[in-house]
> 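Quick one: the structure is below, and I'll ask about it shortly.
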Amino acid sequence: MSTSSIPHNHVAIIGTGFGGIATAVRLRQRGFDDFVLLDRAGEVGGVWRDNDYPGAAVDVPSHLYSLSFAPNPNWHNTYAKRAELYAYVKRVTDELGLRRHLVLDCAVERLDWDGVEQLWRLETASGRRTATHVVLATGALADPVIPDLPGLDRFDGVSFHSSRWRHDFDLTGKRVAVIGTGPSAVQFVPAIQPDVAHLTVFQRTPAWVVPRHDREISQANRRLYRTVPALQRMQRLSLYLRHEWKIVAFRNPELMKLPERQARKYLETQVRDPELRAKLLPDFRFGCKRVLISDDYLCSLDQPNVSLVTDGIRSIDENGLIDNAGKQHRVDAIIFGTGFRTSRLPLTDQTYGADGRPMAEIWGKSPTAYLGTAVAGFPNCYLIHGPNIGLGHNSVIQMIESQTNYIAGAVGYARDHQLAAVEPTPAAQQTFTDEVDRLGEGTVWTAGGCQSWYLNEDGRNTNIWPGTTINYRRRTLHFDPAHHLLYRRTALAAVPS
Ligand SMILES: Cc1cc2nc3c(=O)[nH]c(=O)nc-3n(C[C@H](O)[C@H](O)[C@H](O)COP(=O)(O)OP(=O)(O)OC[C@H]3O[C@@H](n4cnc5c(N)ncnc54)[C@H](O)[C@@H]3O)c2cc1C
């Protein structure tokens, strides 16, 4: 079939969160202009566009959680709120001239590698496209999860996920149930607690919580950052190093006893009721699950209009929820703070490689990728925030920017050597996977005594990079042809080395 009427780009980047935007900028720095940024939504922004629940904010200091090539001297708070982050991504898109590359409201539904024409065929909600290279910058936390609770469809009230907040439904004076006590819930629970009539929070596992110490950045400081950009760079470097050294404790769980003691003390200062305190005390090592950062979550639970239920949920009926102890909780609204589908990365079920099988099927329950970014059998295909790219100790933007170095390196190498395609060798992918497993041994994530979403059902860490971000940056700085199969332009045949 002729492809002439189908739009073609050298690179199709799917997703316009921090990952998609950073990839576009790095490609341009490498001399590429023929790229398109596709997103299923009507605006750029990724998680900061979608997660507009009350209290939404970043957990990493703003001067660190931003793109290195787009410093923002005007962050209002030490931990930026969602609206400011969303505005930041939009502004970077405009100021760096990326808007003309955008195709919005364009959900990508399927990708197929065409080994004959040596390109990717994309099926999207607005028609077909082709691209020589594809970047799945579709985020690891983009698809919300709502648990399959018996009777949910019978509920007469309003129910929604935190990332799809119902702003048209006023919670004031309502009886509200919150399911889940993860990073999103600890932000919106204190934000809605003062207004609701009653809040029933359903907790499966308590988390370690530490104070955020968020504060406004003074006008004078912002002015200083604007006039002396080097000062802001120093602030970023200092924040980066302060976060980076924490990996030592994540890799030596015994060292976590100190922050654990501090977190226990913090719990004591925030919650007066000893019974409630006991329910909120984790029984696993600090850092094993994501540590939650909040100045007001714990004390918001110790209020007369809040109950914390730890019995689990048996079912839902017209009036509300029934817990496993048989107690009925009548509510007007249910809010799911139940996180995102992390077992399968978005679109990987619909990305068909050289042998015609989808990436997620090849992975099964243990996703792996060379440098967490490229997968053997999937030529010219890259994943931002792929397997083992998540962090527990630093800003994930650091990892994403490292990934873009590798991606631009691979796309640039193919161009410079007139290659049709590159893909990692199975051996290079396996070596990287073995290193991840070795690095992960004995860390707080694998030996911290908890079952987190970082681990698959066999207990293998498929999500977290268990080393330093410096180590990962070093690996991704230069494209190594020896770790790749290199295909000539005419046919899918590896160039003999
Ligand atoms: C509420 C929340 C708070 C967070 N806080 C922090 C934090 O404090 N610190 C930290 O380091 N990380 C945090 N994260 C993790 C966050 O995922 C990363 O920091 C980062 O923003 C990920 O960027 P991304 O571009 O990879 O993905 P995303 O921001 O998720 O962007 C993915 C984009 O892909 C698009 N997309 C998905 N599927 C398709 C498709 N089929 N077709 C077309 N487009 C598609 C989506 O619409 C979206 O715009 C948080 C995540 C969430 C959800």
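Counting convention: from 1, in listed order, for ligands and their atoms alike. Keep in mind it's a predicted model, so treat the numbers as computed, not measured.
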> Would you say that more than 12 heavy atoms from the other residues, nucleotides or ligands in this model lie under 6.0 Å from the CG of D148, or not?
no
> According to disulfide (SG to SG under 2.5 Å), who are the partners of C381, at least two apart in sequence or on a separate chain?
none
> Polar pairs, ligand 1 vs protein, N/O only, below 3.5 Å.
from     : atom 1 : to   : atom 2 : distance (Å)
ligand 1 : 8 (O)  : D59  : N      : 2.5
ligand 1 : 11 (O) : V396 : N      : 3.3
ligand 1 : 19 (O) : Y65  : OH     : 2.6
ligand 1 : 21 (O) : Y65  : OH     : 2.9
ligand 1 : 25 (O) : F18  : N      : 3.3
ligand 1 : 25 (O) : G19  : N      : 2.8
ligand 1 : 29 (O) : V47  : N      : 2.9
ligand 1 : 38 (N) : R40  : NH1    : 3.4
ligand 1 : 41 (N) : V108 : O      : 3.0
ligand 1 : 42 (N) : V108 : N      : 2.9
ligand 1 : 44 (N) : R40  : N      : 3.1
ligand 1 : 47 (O) : D39  : OD1    : 2.7
ligand 1 : 47 (O) : R40  : NE     : 3.4
ligand 1 : 47 (O) : R49  : NH2    : 2.9
ligand 1 : 49 (O) : D39  : OD1    : 3.4
ligand 1 : 49 (O) : D39  : OD2    : 2.6
ligand 1 : 49 (O) : R49  : NH1    : 3.1
ligand 1 : 49 (O) : R49  : NH2    : 3.1

> Just distance, no hydrogens or angles: give the donor-acceptor pairs under 3.5 Å from side chains in residues 202-210, sequence neighbours left out.
from : atom 1 : to   : atom 2 : distance (Å)
Q203 : NE2    : K279 : O      : 3.0
W208 : NE1    : F284 : O      : 2.9

> Mind checking salt bridge (Lys or Arg N to Asp or Glu O under 4.0 Å) for R212 and listing every partner two or more places apart, or none if nothing turns up?
D59
> Look at the side chain of S62 and the backbone N and O of A80, then say whether any donor-acceptor pair between them is shorter than 3.5 Å.
yes
> Less than 4.0 Å between a side-chain N and a carboxylate O, is that true for E457 and K365?
yes
